[in-house]
Structures are given as structure tokens and as C-alpha cells.
2 protein chains.
Amino acid sequence: MAARLNLEEIGRRAGVSRSTVSRVVNGEPNVSAKTKRRVEAVIAETGYRPHAAARSLASRQTGVIGLVIPSEAGTLFNDPYFGRLILGASDAMNGLDMTLALFVFGDEIDESAIISRVVNPGLVDGVIVTATRMADPLIDHLRDADMPFVVIGRPDNLSAVFSVDADNRGGARSAALHFAQLGRQRPALIAPPSNTSAGVDRRSGFLDGLAEAGLSIGGRIREGDWTEAAGRRAMAELLERRPDAVFVGSDRMAVGALQAIREADLRCPEDVAVVSFDGIIPADMVVPRLTSVAQPVQEVGERAVWLLKSVLDGQLTSAESVVFPTELVIRETCGAALVGGERDRAS
Amino acid sequence: MAARLNLEEIGRRAGVSRSTVSRVVNGEPNVSAKTKRRVEAVIAETGYRPHAAARSLASRQTGVIGLVIPSEAGTLFNDPYFGRLILGASDAMNGLDMTLALFVFGDEIDESAIISRVVNPGLVDGVIVTATRMADPLIDHLRDADMPFVVIGRPDNLSAVFSVDADNRGGARSAALHFAQLGRQRPALIAPPSNTSAGVDRRSGFLDGLAEAGLSIGGRIREGDWTEAAGRRAMAELLERRPDAVFVGSDRMAVGALQAIREADLRCPEDVAVVSFDGIIPADMVVPRLTSVAQPVQEVGERAVWLLKSVLDGQLTSAESVVFPTELVIRETCGAALVGGERDRAS
DNA sequence: CTAAGTTCTGGGAGCGCTCCCAAAGGAGCT
DNA sequence: AGCTCCTTTGGGAGCGCTCCCAGAACTTAG
């Protein structure tokens, strides 16, 4: 007997038409105050809620944005980076009254399944792609399917792409200059994977900074896959070459790197100074406290959502790239305090 | 000219009806091999993808499950716990070819907006609720709206609820017994918030274990909000009361607690032994290595999805609770190695 | 060759909404 | 009162799919 609760039924009970109820629900103008009150009363009384799928079908937009995260072997996703990013994106979505769909894939099989799900019309309006690999196949698929998207990172396979990124090059460069300023002579680098734009940029930014300062890195370069274990391994290897200042491409790897320094019975920052990238690990978490190039991860996520939203609203025609500045946050591992307590803040 | 790509259009091009195309797309039987081949060829050629919203509307299910996470002031979400949980849930969803929608709310305003979005019909088929507070209002709303849900934790406001939880009591109890076995005399507790079921259970489990072992805790109890900072503060306070063994209710708080021990110029484990709960921080991350009651977070997330899926499929009628066992993983902070190198594994 | 059974195919109805146009109602002016 | 103009309301059409039943086509057996 209880008819299904839909616009028609609410209209029937309030003595108006489907259309009028729709107008009230969507807060459109041109509804008389009296009618509006009556309809709202019925809605409150019945607990009516509009049907999202029907809306999506009729209006051709879902109000859902997808966030795609690769998680190779599940390790990547443990990085606090993603928590922050999700938080930023999620905040922005809440503000826009939209919904966040999360797509995490662990391997190629997942990936292709997820791609085919993501590009389905009527599921998400657009997609934010993170941890973009160089020449990412995902991007080509999205483009083929005419699915609007924003990339977090610096995509390389096509120019006409909307993207949000932190200034990885500039941040890494400032780390190099900081080492030079502190008088370190034998810099080394633990770079993030070079199949990611962040890896490429942090590496080249650091090397540029060294060149600028007249320092040479010799063979003191290793690469790590973002994890603590990789940072530890890479630092253990590097220590054989007696570096006195190591730039580690992520906070997580830096935690492992510090561990390796301890295990080699060396002191940080006295023997080996460390600067990392991310600025995301709580300051108290590790001893000595980590000097790190901080990137505004949450803002990046937030901004990616806003950018995608403007794309969806058709407000943007030509590709746009947003780059957030980074900030070198000086704590203990860089050894700045050792050379006379100067307190630098480079950007 | 280019007609919209839908079932009808594919049918037209393949010389069959909408219904037949639908059968092919959904892999239903009773389609002749020849027809099937023809239709599949057209689909491949056109790049047709079914419209998710239309499907949802017609079939009355969306294939989307919502995961609701409160993130008070954004701090909570930084806990690696949620990364793991999401990863587990996400894996399970991929396996079921379903989509995960994430709802993170930071305050009451967000919360009510999110609740009203979540309970909308046609958006999600069901919801997984995490970090459940005692007497959680969210649960009442879901129930009112007839939205199927599974709770992670131990809900208390109603009995007929599907839930997945770790054995918080048992795990905490095993920590107490471990301290007793190692001959510690002055146990203390840094408990998680007592407005969560995990907080209540870890506290009572630890106290039960102490009672069993004939130990008394005196006034050596503090409460912390899951963060490193709270752990540090709580430990600093507790140290005035000279505890020799502290059970810390989460890994993150334990990291802060270890820091406080260092700052008080005390040694862990010699002066103060520490056992934490979660077993989620990478073993290398902290020195000395953390002894922790490990809970299988990823499995919890995975299982919650499966459980919700069976509920949605109507395979389960009466409420079901799944409890995962925990495991005390002995490393360095408990000081087990000090008393003769015994290597315990209690469950 | 026919009847009965099985497999395959087509299309009507409907999911609950938005979009849009037409018509009704009301206000303001001459 | 009559006209115009603006506000408010109603309902047809359609979004792309699933569900379901009826009928066509094909099998098999007698």
C-alpha cells in the first residue's frame, strides 16, 4: 500500500506536481513560499530522499569524483602521503557536496579491471590520478574514453593535461643549497623511483642545486621505492662511500636511512646530515628530528578537486598546471645547529 | 549523426535487440554463439561501455559500498590504521568488482551533511562504519533510513548489528600477562579514548589481565586521543609515578611515549617496558623496536566488505559478529630479552 | 511430418529523476 | 475592465538500463 517514495508520491501528498517538488528539493527559485512550505512539510514527514542514480541518469552527472591510487604490492599506500592527500580531497569534496570514490589497484590485473570500471559512464564525473608514472597508460585510457581528469604530478605523455604538483625541483634544489651553505662536501642522494615525475624532479632539482653550488656527487646516488626498508638499504650502501650529507627523497625512506646510520655507528647530523622530502612525518616521531622539504599535500589534494570541478563545469578550456611551493623546514638532522645555530628558511 | 552509444544503438548496429545486447554484456546464458560474437565485435569496435547510473536505477543496486571514517580535526586519519583498513576493503571490493566510496568527516557539520548524502538511495548499496563511537548517532541514522551496514568495532547501542572487530580485550589481556610473566611490578596504562569500543575493550582487557596476574595498577592510568603527542604527554605524566611497564593503546601513541621516556633520561626497556597495540608500524621505524599486540587490520577491512556483501545479497538474516584474534609480537620494548632471552608468543 | 519441448530473441513497462515548453495565475498599468 | 508581463505550475519526453513475458526459431522424438 505504501507507495514508493518518489517525487510523484510527494507531489501527490502535497497536492502539487512532480516538477514543483523537484524545484523545492533543488532549491530552485520561482516556487511560491506557501507551496514550498507545504512540500517541505511532506518531505520532512515522510523522510523522502532523492534517488541519486535517477538523478545521475537524467542530469548526466553523478556528483562523484574518482581518486585513483596505484599501490604496488600494497606498500605504497602505507605512506602517510596518501592519507593526507585523501583528507585534502575529501574536505574539498564535502565542501562541494560531492562524493569521493577510491580506486586502489595493486597490480596490472587490478589495474585493467579498475580502468574499465572507472571509464564507465555514469559512475564518476571525472578522475584524479595520483602517483602518476611516466608515460602512464591510465592517462591514455582516460583520454580515449573522454573522461575528464586531473593529474597529481607532472605528466609527460601529453601536454594538454590539467595537473597539480608540488615544486619538487625547487624543493630538492633548496636542500642542495642548504647542504652547501652548511659546508658539507660529499653530498649523496637517495632518489625516489625514476619512473615517477616526483622521482625525476627531486633528483634533477638536487643535482642542479649541487652544480650551482659547485659540489659534485660522484657515484653517491641510489634509488629507493619510497619504503623505510629501501631507505635503509640505500643508506647502508651509500655509507661505504663516506657521504657527509644525504638528501633522501621521502620522509619514509629517511626514517629507514636514519636507522642505517645508527646501525653503522655513525652520528646524524655530525657525521652524516640528512634532509628529506615531504615534511609529513610528525616532528616528534623520530630522533633526531627530521629536517625536511615540506610540500602542502593536503592543499594539493584539495586543489586537484577544485580544478577538476572547474573542468567539469566547463569553466576551463585550455590546460592548466598548478604548482605549489615547498618549504625547507629545518630541524635537527641537517646539522644547521652545529654551524653556529643559524636558522635558515629557504624556499 | 553519431547516435548515442547505448544498448539500443549497439543492437541496431549488430542487427539484434537491446535485450540481446544486454544479455551479452552481462554474460547471461541463452545467447547463441554466433549472435554473441557479432555483438561483441560491435562492442569492441565502438568502445561501448554500459551506463552505471542507468543500471543502478533499473536494477536497484549501485555496486558501490561506502566507508565512513570520522577524522576529528584531521588527526585521526593520519593513523596508518586507516590506510591498511582502506587497502583491505579496497582489495575485497576489486575482487567483487564493486566500487568504494569514501566518506571522511571532520566535524559535526560535515557529519550531518555526509549522513544525509550516505543515506540517499541510489548512491551506495551499503555502508561500513569505522571508528565507531559508543552510542554512535550515525548508526541510528543508517538504521532509520534502512541502509544496510556493517560496523567495524563493537557497537553498543543495538544488538542486532553486523560487525567485524579485532579481539581487543584478549590482546590487551595478553599484554598484561606478558608483563606479569616478565616480573614487572608497577604496570601502567595509556588507554585510547573511552568513547570508542576499542578504547573500552583495550582498557578492560588489560585491567582484567592484571587482576588475573595479581598485579594492581594504582592510579597509573591515562587516556590519549591516538596521536603521538597524546602518547608523549600521557607518558610524561605517568613517569612521575614510576611505572616499570606501560601498555600503550596504539602504535602511534607508543611512538610518542618512547620519546617521553627518552626525554626523561630513562631507558626502555630496562627502566620502563612498553607494549603497544596495533602492530602496524614498520618494525624498523622506531628504536628500540616496538613490541606490539598485532591486529590484522587489512583482513578486518576485507572481511567487513564480504560481510556487507552477504547482507546485501540477503544471505544473512540474523546479525553476525566476526572477531579476529590478535597476536603479541615480541620485539625489544617489552624487555623480554632482558630476562634470559625467552621468546614468547602468546595469543 | 507433426507435436512437444527447449533455446533464443524482441519489445513493453518501468526505475525516479531532469529538462523544457506550454499554460495558468497574479500583479501592475492604462 | 482589459492588456501586458512576469511568476508559478503541470506534464510530456527522455536518460539507458533491467525485468519479464510472449513469441519465434530450433531440436528432438514419435
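Proteins get letters first, then strands, A, B, ... in listed order; numbering begins at 1 in each. Just so it is clear, the values below take in all heavy atoms, side chains as well, and ignore hydrogens, waters and symmetry mates. Remember, predicted model here, so these are calculated numbers, not experimental data.
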S.K.: Counting distance alone, no hydrogens or angles: does the base of D:dT9 have a donor or acceptor under 3.5 Å from a partner atom on the side chain of A:Arg18?
M.R.: no

S.K.: With distance as the sole criterion, do the side chain of B:Thr20 and the base of C:dG10 form a donor-acceptor contact below 3.5 Å?
M.R.: no

S.K.: Indicate, with a heavy-atom threshold strictly under 4.0 Å, whether A:Arg60 touches base, sugar-phosphate, or nothing.
M.R.: sugar-phosphate

S.K.: What integer distance in Å separates A:Leu5:CG from C:dC15:C1'?
M.R.: 15 Å

S.K.: Could you give the CG-to-C1' distance, from B:Leu7 to D:dT18, as a whole number of Å?
M.R.: 9 Å

S.K.: Side-chain donor-acceptor contacts of residues 29-37 of chain A below 3.5 Å, not counting sequence neighbours, with atom names and distances?
M.R.:
from: A:Ser32; atom 1: OG; to: A:Thr35; atom 2: N; distance (Å): 3.3
from: A:Ser32; atom 1: OG; to: A:Thr35; atom 2: OG1; distance (Å): 2.7

S.K.: Which is more 5' along DNA chain C, the nucleotide nearest B:Ala54 or the one nearest B:Gly15? Just name the residue.
M.R.: B:Gly15

S.K.: Could you check whether B:Thr99 and A:Arg117, counting side-chain N and O atoms only, form a donor-acceptor pair closer than 3.5 Å?
M.R.: yes

S.K.: May I ask you to verify if any side-chain N or O of B:Asn30 is less than 4.0 angstrom from the OP1 or OP2 atom of C:dT9?
M.R.: no

S.K.: Ignoring hydrogens and angles, tell me if any N or O in the side chain of B:Asn94 forms a donor-acceptor pair with the backbone of A:Val104 under 3.5 Å.
M.R.: yes

S.K.: Examine D:dG10: is either OP1 or OP2 under 4.0 Å from a nitrogen or oxygen in the side chain of A:Ser17? Give yes or no.
M.R.: yes

S.K.: Please determine whether any donor N or O and acceptor N or O are separated by less than 3.5 Å between the side chain of B:Arg23 and the base of C:dG10.
M.R.: yes

S.K.: Looking only at atom types and distance, does a side-chain atom of B:Ser22 sit under 3.5 Å from a main-chain N or O of B:Arg18, one as donor and one as acceptor?
M.R.: no

S.K.: For the pair made of CD in B:Gln61 and C1' in D:dC17, what is the distance, rounded to whole Å?
M.R.: 13 Å

